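Predicted, not measured: the structure shown is a model, and the values here were computed from it.
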Amino acid sequence: MQNASNCDEKVVPFKPLALGETVKFAREKSLEFKNDFIGVDCAVLTNVLIVKKDGTKEKYNIDKVVCAIRKSAARVLIEFSNSQIEEICNYVNSSVSLINKPEVGIAQIHNIVENALDSINPKVAQSYRNYRNYKTDFVHVLDKVFQESQKIMYIGDKENSNADSALVSTKRSLIFNQLNKELYKKFFLTVDDLQAVRDGYIYIHDMSARRDTMNCCLFDVSNVLKGGFEMGNLWYNEPKSLDVAFDVIGDIIMAAASQQYGGFTVPEVDKILSPYAQKTYDLKFDRYVCMGLSFEKAAQEALNDVKKDFEQGFQGWEYKFNSVASSRGDYPFITMTFGLGKGKFEKLASLIMLKTRENGQGKHSCKKPVLFPKLVFLFDKNLHTKGAELHDLYLAGIECCKKAMYPDWLSLTGDGYVASIYKKYKKVISPMGCRAFLSPWFERGGMNPADENDTPIFVGRFNVGAISLHLPMILAKSRLESKDFYEVLDYYLELIRKIHIRTYDYLGEMRASINPLAFCEGGFYGGNLKPSDKIKPLLKAATASFGITALNELQVLYNGKTLVEDSAFALEVMEYINKKVLQFKEQDGHLYAIYGTPAENLCGLQVEQFRKKYGIIDKVSDKGYVSNSFHCHVSEKLTPIEKQDIENKFWNLFNGGKIQYVKYPVSYNTKAIDTLVSRAMEMGFYEGVNLSLAYCDECGHKELSMDVCPKCGSSNLTKIDRMNGYLSYSRVNGDTRLNNAKMEEIQDRVSM
């Protein structure tokens, strides 16, 4: 750094120019100013005063400019070199000196800095522009947050049925989420993005979390456990018994699920638990033999101990996952898949898990099933059909779901994408959360197999977020503006694409320390990074979803017919979107997927947005909700078989996320459930059973869809309904965790 006195020789008194001329002249002359002005006041600038927005004045200080531009660069994940900082400072100092006035307005300084940044890095210049008016902007942001916080504090929030907004911890989390959501909209979205969101043409899911972390995942619990791991600065040795394994796995799930949002799936949990069951069995068997028992008796007693550990372990999980909120303030959406394990302890794990769910939890006289973990039965016709090795396990699953609605059923040997992967590679694509599925990522070839021996990896991978299209609004807009529908659709597809690209780039700069169990201890594929490492390499295998809602309403708006009456246009649109997203995938090198959105709060929001712009249209926006993804309208008078056949047309157009479900109009009918589940498995579905369970909390009586107990007359009921791909309380302690739109939809259900 040169002495400041040398600067005086470079500055020539100059006649004041207009700002534009000053900037132009300064830019031309800036190369002459090679001195480093950081922290140095040239004599000519020492007495210059900066007039602030509020009229106050302070001495010109280039250090403040340096601080501002560094912050602006950091917000877009850019770091300036010392030479770039020097160049900017030279430009700003020379420009201020050329103004040749004792006082300079702060707006002029901003304009000078912006021009300097434009020549160095336009992206940082835009960040600086966005931030320069932050005081005014933050007044609006904080006002919005305050309004929402008041609602949350005194009314509650029913956007997410997994969150109990009566709890203080949940209220705090929801208020923070509202702030994070506003910051996301302010600093991450472009003007075009924000306009599309506010109008309702697209919906960005989980704006409160997507700047910080991952979405749904298939967490590799067994990889974390193997050989031990570190959690919370403590070293955990690998469990040596089944009861300890249950405790440790429960802790892993709660800790890791708190560091993400969306569904947290533990795939093939029966196979994860089996080795620890074997360890307990061996330990107990040896102990009983040492006590003098015969081998036969010792084996029986050891097996009984394993069974007891399984029973207590699964019960402990059900208590923990349904009563202990995560640090996010909600109950984590935990899913466990199972059913393929043929070993003694694998099968035993599956059977006892089902029995635990079927029996329910609660007082002895008033037991009812819990909501978490969601159970998904992995169905292989070669293992589970009549006469096959695990047919008894299948029957246990049917018995369980007729009383608890879970498990849901995933076909691995029918038709379609999931089954094709299983039949070719023997790899299971477990659903993440309620319905999301990962696209293939090959061990050596990445997006495409390196050769015929390359195999796909699914366990340990995750999603980076979903953004949904509102197709009826896009069609209405194209008609109002006399534009081609696909031209308008392309515009919004491109918007989503660009947001996804920025999301990959932004998250890639995060450090592994944001979720140590996932990124450092092997919970995610390739997740053996150092805490200070960036997670960018792991994002190559992550998917990003293009969501679809209200396909039924799109068809109605197009020609006045529902999906039951005519689905041609809806199919045409989905085929177009699939082709377009495939092009994006190949061009961008990202794993994009098409997702049948399980609209919870969104089902009502989209109606409000449509009405605001296009009014109330019969069978499009006359109800308080729109249909989820590709499903028939819930009020359609269809048999379960008819519903399966109609929705099957769309099945292979939603490979990034889908589920099919039907309402069973018969009470606890084993034969009916067995028949329809078997049919769904042949068709290749991911199938859910919907029974609308109801329990009297006074006398323990249970039946389907009751509002008043016929036995004791009480209206103090707990009711469990299928939200979408998952279950939720539609009534508990006299209230519901569901929003009004979803409750209206539940009341209208005939076929769902």
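Aromatic ring centres of His500 and Phe546: separated by under 6.0 Å.
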Let me see the working for Leu591 and Arg461 under side chain to side chain contact (heavy atoms under 4.5 Å, CB included), right down to the final yes or no.
CA-CA 12 Å; Leu591 285 174; Arg461 291 176 49 215; 3.4 Å; yes
Side chain to side chain contact (heavy atoms under 4.5 Å, CB included) between Cys216 and Thr265, worked out:
CA-CA 8 Å; Cys216 306; Thr265 293; over 6 Å; no
Check step by step if side chain to side chain contact (heavy atoms under 4.5 Å, CB included) holds for Leu495 and Ile467.
CA-CA 10 Å; Leu495 275 188; Ile467 304 175; over 6 Å; no
Hey, mind stepping through Tyr236 and Leu225 against side chain to side chain contact (heavy atoms under 4.5 Å, CB included) and telling me if it holds?
CA-CA 9 Å; Tyr236 283 65; Leu225 289 172; over 6 Å; no
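Using a 4.5 Å cut-off on side-chain heavy atoms (C-beta onward), Tyr491 and Asp192 make contact. Here the side chains of Val104 and Ile112 are not in contact, with every heavy-atom distance at 4.5 Å or above. For the pair Met231/Glu521, no side-chain contact is recorded, criterion being any heavy-atom separation below 4.5 Å from C-beta on. Side chains of Asn448 and Phe442 form no contact here, defined as non-hydrogen atoms less than 4.5 Å apart. Proximity of Trp441 to Met447: side-chain heavy atoms (C-beta onward) are separated by under 4.5 Å at one or more points. For the pair Lys226 and Asp220, the minimum side-chain heavy-atom distance is 4.5 Å or more. Looking only at side-chain heavy atoms (C-beta outward), Ile62 and Leu45 stay at 4.5 Å or farther from each other. In this structure, Leu194 and Phe188 have side chains that are not in contact, with every pair of non-hydrogen atoms separated by 4.5 Å or more.
Panel note: side chain Thr213, backbone Gln259; a donor-acceptor pair is recorded below 3.5 Å. Within the 3.5 Å criterion, the main-chain N or O of Asn215 finds a donor-acceptor partner in the side chain of Gln260. At distances below 3.5 Å, at least one donor-acceptor pair connects side-chain atoms of Arg511 with backbone N or O atoms of Ser532. A donor-acceptor contact shorter than 3.5 Å is absent between the side chain of Ser72 and the backbone of Ile69. Side-chain atoms of Asn61 come within 3.5 Å of backbone N or O of Asp63 as a donor-acceptor pair. Between the side chain of Thr549 and the backbone N or O of His470, no donor-acceptor pair lies under 3.5 Å.
Looking at every heavy atom in both residues, Phe462 comes nearest to Leu538 through CZ-O, 3.9 Å. When all heavy atoms of Pro122 and Asp118 are compared, the closest pair comes out as CG-O, 3.7 Å. Pro516 and Ser513 make their closest contact through CD-O, 3.5 Å (heavy atoms, listed as atom of the first residue, atom of the second, distance). Closest heavy-atom contact between Tyr261 and Val464: OH-O, 3.6 Å. In this structure, Ser127 and Val76 approach most closely via the heavy-atom pair CB-CG1, 3.9 Å. Taking every heavy atom of both residues into account, Val197 and Met207 meet most closely at CG1-CE, 4.3 Å.
Defined by atom type and a distance below 3.5 Å, a donor-acceptor pair is present between the side-chain atoms of Ser545 and Asn463. Between the side chains of Thr597 and Ser468, at least one donor-acceptor pair of N or O atoms lies under 3.5 Å. No hydrogens or angles considered: nothing links the side chains of Tyr525 and Asn223 as a donor-acceptor pair under 3.5 Å.
Between His205 and Tyr203, the ring-plane angle classifies as perpendicular under the 30° and 60° cut-offs.
Within the structure, the side-chain hydrogen bond (donor to acceptor under 3.5 Å, both in side chains) test picks out the following pairs touching residues 580-594 (sequence neighbours left out): Arg497-Gln587, Arg497-Asp588, Asp588-Tyr592.
Taken to the nearest 0.5 Å, the NZ atom of Lys498 stands 12.0 Å off from the CG atom of Leu493.
Glu509 CD: more than 12 foreign heavy atoms inside a 6.0 Å radius.
Checking Lys186, Arg198, Arg502 one by one against Asp193, the salt bridge (charged side-chain N to carboxylate O under 4.0 Å, His left out) holds for a single residue, Arg502.
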